[in-house]
Each structure stands twice: as C-alpha cells, then as structure tokens.
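Values reported hereafter were calculated over all heavy atoms of this structure, with side chains retained and with hydrogens, waters and symmetry mates removed.
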Amino acid sequence: MDVVESRADFTAPPRHMAWLGPLLLGLVLAVSGCSLMTSGAEVTLSPDGTWAAYVCAEQWDLPLPPENPTIRSKILVRWCTLERPEDYQEVEIGVFGKDWAGWHVKNRVHLALSPDNRYVAVASPLDLRLIDCTTKTGRTLTGQGEIVTSFIWLDKERLAYASCQSDTAKQQTSRTNFWQQGVDQSFHERRLIFAEDSESCSERGLGSPEWPRERWSPDGAFVLFKTRAFRGELKLLDVATRTAKVIGSRDYNFEGISWKSDSSEVVCVGSKRGSPARAFLLNPRTLEEHDFSDEFNAAFVNDSGYRVPPIVPIWTPDDRYFIVNHSKKGGCLVSPRPWKVIPIARLLIDDIVRDRSLVLMEDTTKRPPWIFRQPAQGWVRVWVQFQEKGYPRGMDYLVDYSARVFVAFAESSSPGDGWKLTPNGKRAVRLASPCKLVVRAVSLPSSD
C-alpha cells in the first residue's frame, strides 16, 4: 500500500520522560510495518489543512553507481483528504526523457490547492494547469513556451501568476509577464497586469531553491521582484495601479523576502559585497520602512564566517517572528519590532546535552541545526542528527516559540524531509520516497 495512516495517537510524554517519544514511535512503526527512514518531496497542505497534494516520480535509472543517472521520469501529482489518505487520486503530468538525465524533475513541479479544495494548480516546466480534484480533468492556463515562475490563488475562482518567455528572434532577450486569470478562462482571456524585461528564462523551470522567483503578497495586491533573475533592482508592483517602484538601495541583492500572512508588511534582507547587510520591514501601502539593519548585523553578520551569510527569512503563522537559519547560531526566531532573538536550536541542543537524551553525531553546540516553519501556530521543527553507524539518521523535535517545551517527535533521515503539522496541530504528515504519504494523529502539550 502506498499510503499508511497510523492508528496510534501520539501524545507528548512529560519532560522527564522525553525518552519515551522515540520508543513509542518504534513500537508504532513495528506494528504498522511502515518505514519513515527514506527521503521525499514536501507535502502541500490545503489552506484548511484537510487535504494534501504531493508529487511522485517513477524513475528509470542506469545501474552505474555512484551517479545512477536518471534516463526517464514519469511525474505524477496525487491528492487526498487526510481523513482517508489511502483513497488518493492521481494525474500524470508528463514523461521526461534522456534530455533530463540527472535532473530532479519532481523538484521543479510546484503545487497549491484552491481555497475550496476543488482544484490543484500545478506549475511544471511544461505549463501551468488546473486539475479538478473530483473529475481528474485538467486544463492548461498558459500559452506555448511560457515558464511559470510564481503563482498564487486569489480566491476559489482566480489565480495570479508570473510567466517568463524568451524572444526566439532576439537571442538572450526575455520578458516576464504578470497575469490574473479565472479558473474558466483561456490564456487568450487572461488579464495582463504588468510586464518587465528579464535576464533569462529557464526552459527547465525553477527548482525548489529558486522557487518562487517573484514574491506575491498573500492577498495578491502586491508583488516584490527583481529586475534580473539573480541580481538587479528590487521593485514593488502595485497590482491595482499596475505600476512598479524601486524599493531599498539599488546596489543591494535582496534574496531574503517574506510577507506577513495579512500582507500588512514584508521583511527584506539584502547583501552587498564588502558592506553590512540591509534589513527592513516595508509597509507596501504607505512605503514606510522600519530599518533594523544595525540590530540584524550585530546578531547575525559580524561574527559569521561569511561576510553576509545567506539568510532567507520566513514568518511564523501568527506573524510574531521570522525564522533565521544562521551558519553559526543555527535556527533562531527573530522579532524585528521590538527587536528580540530566540536561539531555539542552540537551546534545544543545550537541553539534549544536559539531559543526555540523545548521543549527537558531532558537537552541534558549535554549529547548531536549522529550524523549519510549521503551519501550526506556536511550533517549529528541528532535526538533530544522532550518532549511529551506516545510514545517517536523526530525530525530529517539535519546539515551542519560547524554547521551553521540546518534544522528541519522530526519526527521519534528513533535515528537510521531516514531519509537517497541520494548521490545527492535530495531525502530522510526511511524504516518504517514492510516494508514501504517512498521516499521524498528534496531541501536543500547550505551548507559549
């Protein structure tokens, strides 16, 4: 069976019995016969947390270790309710042959369920399409040769997206267009919001680290984008007026951009060779900035091995903090106003070392792990590798925002492929390779 639902609820043990978490998990796995020790792509949850969608890849590889090049990949999109994950539906997106050898195609397919859970929007190197979750029928929204670089659901009837297209008549000339489109409209009927010359279009689409290229506000009213794919001016597009303005210093490279859930502010972190980082909050409607560059540099840049470490901030669901994963300080929660840093990963490691509840793979007090955002308010996830010969393994911990409650939740094989809580915190999901969706009931202690 491709999908396994655990029947055993997970209740966090008391602090002095934290060692029971891994033991109980081992017993559950022994009964279910399901292994969680494989990696997989991330699960996409619906806004209400009742549905899941994910990408599967059926791959044919040449037996030539250690590379094992992929010669053919069939990409499938699956979706299901979390109540009945075994009753999944699936649609084939495409077959990618020898020209894609060595490429992880499934990491270039991006999903989002509509607010009413009727559709799955799928951006792939081929197109942007909608799949009806009931009938499994699909329709393409984009035209030939368009590469979608970001998209967002505006409501259950409309999407907004950006697409890049190269001018075949003029070499190395590309254009990025911003669109609004109804679920029943063809690409001939869509509305053009704005257009901007761009540096290049990737014919293979955008991989997970590059996606999304443009940063839409959650309400779809604004877009932050760079005039070039990897460098250039940072611009704020006002969708209502269809005008764009340059934001911040023109000579900074702003890679770190994250909107609050209510679209009231966006945090921007930029770097410039030989200079301190630039960090500020921006109100998109008034263009008022709250600069916290001095505090940010004192906390994360001046003592780093990098002049400006690569930092991509991500807001927590309640917009209280954004996450900073730092090369030396590990995962931290940061409040920019008033300024506050909570070194969650370091506090977790200190607690593990003090309680001797886990034998660590290395001295992580010098290089603490990163933390990962959770849809459930009040919690983040931290993966800590423990000492064991052979295949690397680690423990997923759930940690509350105050870093006072640490729950040893489950084992997994890599930091990026761990469990994800649903928004209500009552279930956890994980996609195991190649296409195994695991759903578990959860009962967490009260957080801060």
Side-chain angles (χ1 to χ4, degrees), residues 149-155 158-162 164 175-180 191-199 212-273 275-301 308 310-324 334-340:
T149 51
S150 60
F151 73 90
I152 183 175
W153 281 98
L154 300 175
D155 52 48
R158 297 178 304 147
L159 298 95
Y161 59 93
C164 184
R175 193 167 184 82
T176 297
N177 296 314
F178 297 81
W179 306 96
Q180 281 188 4
R191 171 176 172 256
L192 179 65
I193 303 169
F194 189 77
E196 179 89 10
D197 289 337
S198 57
E199 185 177 27
R213 182 173 289 180
E214 301 79 22
R215 304 303 176 102
W216 296 80
S217 62
D219 62 5
F222 299 93
V223 191
L224 274 168
F225 67 97
K226 290 183 289 185
T227 55
R228 295 292 182 265
F230 303 104
R231 58 186 178 276
E233 296 174 334
L234 179 67
K235 287 190 175 182
L236 176 70
L237 170 62
D238 186 323
V239 172
T241 63
R242 300 168 66 180
T243 57
K245 298 179 180 179
V246 175
I247 299 299
S249 303
R250 295 171 180 260
D251 51 354
Y252 272 76
N253 182 24
F254 287 93
E255 292 289 347
I257 298 171
S258 182
W259 288 91
K260 286 186 174 181
S261 61
D262 63 0
S263 304
S264 62
E265 287 184 311
V266 59
V267 60
C268 302
V269 178
S271 61
K272 177 185 175 183
R273 179 173 294 182
S275 300
R278 175 98 160 84
F280 61 90
L281 290 174
L282 173 70
N283 183 318
R285 290 167 175 82
T286 65
L287 300 183
E288 179 183 358
E289 292 184 12
H290 170 70
D291 191 289
F292 56 94
S293 301
D294 291 343
E295 295 91 337
F296 186 88
N297 281 290
F300 297 111
V301 177
V308 179
I311 292 173
V312 180
I314 303 174
W315 287 100
T316 56
D318 56 4
D319 299 326
R320 290 173 59 190
Y321 304 99
F322 63 81
I323 292 171
V324 169
V334 177
S335 169
R337 186 175 53 211
W339 178 259
K340 182 181 180 181

What are the two closest heavy atoms between [X] and [Y], and how far apart are they?
X      : Y      : answer
Tyr252 : Ser275 : OH-CB, 3.8 Å
Ile152 : Pro218 : CD1-O, 3.5 Å
Gly256 : Pro313 : CA-CD, 3.4 Å
Asp238 : Ala240 : OD1-N, 3.0 Å

Atom pair [atom1]/[atom2] of [X] and [Y] - distance to nearest 0.5 Å:
X      : Y      : atom1 : atom2 : result
Leu287 : Leu236 : CG    : CG    : 6.5 Å
Trp339 : Phe296 : CH2   : CZ    : 6.5 Å
Ile247 : Phe225 : CD1   : CZ    : 10.5 Å
Leu281 : Glu265 : CG    : CD    : 4.5 Å
Leu237 : Lys245 : CG    : NZ    : 11.5 Å
Gln180 : Leu159 : CD    : CG    : 10.0 Å

Check: [X] side chain, [Y] main-chain N or O, donor-acceptor pair, under 3.5 Å:
X      : Y      : result
Ser293 : Ala279 : yes
Asn297 : Ala277 : yes
Arg213 : Thr149 : no
Arg242 : Leu192 : yes

What residue among Glu233, Glu196, Glu214, Glu255 forms salt bridge (charged side-chain N to carboxylate O under 4.0 Å, His left out) with Lys226?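 Option passing the salt bridge (charged side-chain N to carboxylate O under 4.0 Å, His left out) with Lys226: Glu255.
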Take the angle between the ring planes of Phe194 and Phe178 and call it parallel below 30°, perpendicular above 60°, tilted in between.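 Correct class here is tilted.
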Aromatic rings Phe322 and Trp315: how do their planes relate, parallel, tilted or perpendicular, breaks at 30° and 60°?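 The arrangement is perpendicular - the two ring planes meet at more than 60°.
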Step by step, work out the side chain to side chain contact (heavy atoms under 4.5 Å, CB included) result for Ile193 and Val223. CA-CA 11 Å; Ile193 303 169; Val223 191; over 6 Å; no
What I'd like to find out is whether the side chain of [X] reaches to under 4.5 Å of the side chain of [Y], using heavy atoms alone.
X      : Y      : answer
Val334 : Val267 : no
Trp216 : Leu154 : no
Leu224 : Trp259 : yes

Between Phe254 and Val269, is the side chain to side chain contact (heavy atoms under 4.5 Å, CB included) condition met? List the steps. CA-CA 6 Å; Phe254 287 93; Val269 178; 5.8 Å; no
Side chains of Asp319 and Ser261 only: does a donor on one sit below 3.5 Å from an acceptor on the other?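 Side chains of Asp319 and Ser261: pair found under 3.5 Å.
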Thinking salt bridges, do Asp291 and Arg278 make one under a 4.0 Å N-O criterion?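 Answer for the salt bridge query: yes.
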Report, as yes or no, whether the 6.0 Å neighbourhood of atom CD on Glu288 holds more than 12 heavy atoms from other residues, nucleotides or ligands.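 It does not: Glu288 CD has 12 such atoms or fewer within range.
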For Lys340, give me all partners under side-chain contact (heavy atoms from CB on, under 4.5 Å), at least two apart in sequence or on another chain.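 For Lys340 the side-chain contact (heavy atoms from CB on, under 4.5 Å) partners, ignoring immediate neighbours, are Tyr321, Ser335, Ile342.
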